[in-house]
Amino acid sequence: MLAPISIDPRSHRPAPEVSFIVCTRDRVAVLEACIKSIQLACRAHPAFAAELVVVDNGSSDRTAERLASIADMSDIPFTAVCDPRRGLAAARNAGLERARGRVLVFVDDDCAVHRDYLRDLQRHYATGERVIRGGRVEIGDARDLPFTIKRSPVRERLTPDVHPGGFVLGCNMTMHRDVAARIGHFDERFGAGGPLRSAEDTDYLVRAVLLGIPVEYVPDMTIFHHHGRRDRKAIEKLHRDYSLGNGGLCLKHVRAAPWLLRHFYWAARSALRELVNGPRFDHELKLSHWPIVGMNMLGAAKFAVLLVARWPEAAQVRQDQQANAEAR
């Protein structure tokens with residue numbers, strides 16, 4: 001459960017309107033560019049008061065040292081959190097627990113925020129409607145392949161007819177604080193660094209829909225994604241990882257959201273059509289539907305194993321036992 005909005009006893013100032021939450025691991029070079037872009041956006045629209053929460057997810061480079069230095073010089077409230085628990089979902093949860101803003105903004109460490117981001121954000125949240133809202137994601141470097149982006153010019157809401165994966169990207173996902181309180185923490189079985197490698201953001205969207213919370217994409221609130229993937233091998237790996245997570249997602253929500261199975265059926269049908277020269281999943285990147293089908297099935301099987309093994313509860317017990325042993 002997220003803590004209620006309160007007065008910060010250290011500064012005697014009310015909580016900020018916005019919390020930017022950035023999770024990072026061993027990517028200090030791109031992280032500094034991300035932080036700088038957020039600070040510039042905050043200076044461009046100071047009326048919508050913001051803070052920055054950066055979660056170091058067990059980095060072994062000089063991330064902790066640089067964060068301490070940046071915090072000392074930052075002209076916006078800055079909180080550095082060290083959370084050694086491996087996985088993006090665990091890091092997102094640590095950020096949720098420390099964020100104080102009324103609106104929460106998740107931005108990946110390899111992204112840069114548009115200068116007008118806060119102006120767009122304030123306009124969209126002026127109505128007070130409780131939603132999860134994602135914005136436009138552009139390529140940050142023209143040398144990177146056009147993947148993990150969303151350029152649609154159309155404002156729309158998620159329905160069962162649309163696969164939730166990629167509808168709102170986790171690198172540019174926002175919500176009211178009380179929406180996050182209703183949905184709860186991210187599922188740590190999902191996400192980069194977790195057993196299912198991806199889909200912690202997609203799982204969050206599905207859980208929102210099941211609670212009757214709208215999920216909306218808007219064609220502004222823009223960020224630029226510097227993902228650095230410039231060859232098909234890297235894209236194919238990410239494509240498989242996304243499919244693995246989505247397979248686990250299908251099994252997790254098979255009773256409450258059976259419409260997810262419809263998307264698996266469509267992928268399987270499209271894969272069969274590829275055998276007779278049907279269209280690929282992505283013609284430009286030459287990505288096939290077959291990895292989606294295979295990895296979906298593997299992801300569902302892996303989720304079943306995690307369920308039987310009671311992960312992550314069992315993993316947490318092992319970590320606690322190890323910590324107690326080391327303390328003796």
Side-chain angles (χ1 to χ4, degrees), residues 1-8 11 13-22 34-35 37-53 74-79 92 95-108 111-138 150-159 162 164 166-184 201 204-205 207-225:
M1 177 66 74
L2 299 182
I5 296 293
S6 61
I7 302 298
D8 185 344
S11 63
R13 293 184 298 177
E17 292 294 330
V18 181
S19 292
F20 285 96
I21 301 172
V22 179
C34 174
I35 291 173
S37 74
I38 293 172
Q39 291 172 329
L40 288 172
C42 292
R43 294 184 199 122
H45 196 68
F48 208 39
E51 69 168 357
L52 176 56
V53 178
S74 179
D75 56 350
I76 63 171
F78 189 103
T79 300
R92 290 196 193 278
L96 279 176
E97 290 163 5
R98 293 297 296 274
R100 299 168 53 246
R102 291 178 173 84
V103 178
L104 308 176
V105 179
F106 289 94
V107 177
D108 281 2
C111 293
V113 172
H114 191 283
R115 178 183 174 87
D116 294 330
Y117 191 96
L118 281 176
R119 184 194 65 186
D120 295 337
L121 186 78
Q122 184 177 31
R123 184 179 72 255
H124 287 301
Y125 279 92
T127 64
E129 185 182 16
R130 274 30 183 177
V131 301
I132 290 181
R133 181 176 284 121
R136 188 181 184 93
V137 179
E138 286 281 0
K150 180 149 186 176
R151 293 167 164 166
S152 171
V154 180
R155 183 172 182 165
E156 57 183 333
R157 293 204 165 179
L158 180 63
T159 70
V162 178
F167 183 82
V168 163
L169 297 179
C171 63
N172 188 8
M173 183 168 69
T174 75
M175 66 195 75
H176 274 280
R177 182 184 184 83
D178 52 0
V179 166
R182 280 189 67 193
I183 299 172
D201 48 357
Y204 215 73
L205 303 184
R207 288 158 60 194
V209 169
L210 294 176
L211 288 171
I213 298 169
V215 176
E216 181 178 67
Y217 164 80
V218 293
D220 48 22
M221 278 174 34
T222 303
I223 65 100
F224 301 93
H225 196 180

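All values below come from the heavy atoms of this structure, side chains included, with hydrogens, waters and symmetry mates left out. Bear in mind the structure is a predicted one, so any value in this text is a computation, not a measurement.
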Backbone N/O of F167 and side chain of K150: donor-acceptor pair under 3.5 Å: yes

C34 vs V22 side-chain heavy atoms within contact, under 4.5 Å: yes

Minimum side-chain heavy-atom gap Q39-I76 below 4.5 Å: yes

Non-hydrogen side-chain atoms of S37 and F224 separated by less than 4.5 Å: no

Heavy-atom side-chain proximity of I38 to I35 below 4.5 angstrom: no

Closest heavy-atom pair and its distance - A208, I183: CB-CD1, 3.7 Å

Check: D116 main-chain N/O paired with H114 side-chain donor or acceptor under 3.5 Å: yes

Name of the residue among D120, V18, V103 meeting side chain to side chain contact (heavy atoms under 4.5 Å, CB included) with Y125: V103

Nearest non-hydrogen partners of A50 and L118, listed with the distance: CB-CD1, 4.4 Å

Residue R43 excluded, over 12 heavy atoms near CZ under 6.0 Å: yes

Donor-acceptor under 3.5 Å (R130 side chain, G128 main chain): yes

pair M221-Y117: side-chain heavy atoms closer than 4.5 Å: yes

Spacing of L205 atom CG and L210 atom CG [to the nearest 0.5 Å]: 11.0 Å

D220-H124 side chain donor-acceptor pair, cut-off 3.5 Å: yes

Side chain to side chain donor-acceptor pair (under 3.5 Å) against D201, all qualifying residues, sequence neighbours excluded: none

Taking every non-hydrogen atom, the tightest pair across E51 and R98: OE2-O, 4.4 Å

Smallest separation among heavy atoms of L104 and A180, with atom names: CD1-CB, 3.9 Å

Heavy-atom side-chain contact between C171 and I223 under 4.5 Å: yes

V53 backbone acceptor or donor facing T79 side chain under 3.5 Å: no

Contacts of type side chain to side chain donor-acceptor pair (under 3.5 Å), residue R157, not counting sequence neighbours: E129, E216

Main-chain N/O of I132 paired with Y204 side-chain donor or acceptor, under 3.5 Å: no

Heavy-atom side-chain proximity of R119 to F48 below 4.5 angstrom: no

Side chain N172, main chain R136, donor-acceptor under 3.5 Å: yes

Point-to-point distance, once rounded to the nearest 0.5 Å, from CD of E17 to CG of L121: 10.0 Å

Closest non-hydrogen atom pair between G101 and S19, with its separation: N-OG, 2.7 Å

Contact summary for H225 and C111, nearest pair of heavy atoms: CD2-SG, 3.6 Å

Backbone N/O of L211 and side chain of R182: donor-acceptor pair under 3.5 Å: yes

OG1-CZ distance between T174 and F20, expressed to the nearest 0.5 angstrom: 10.0 Å

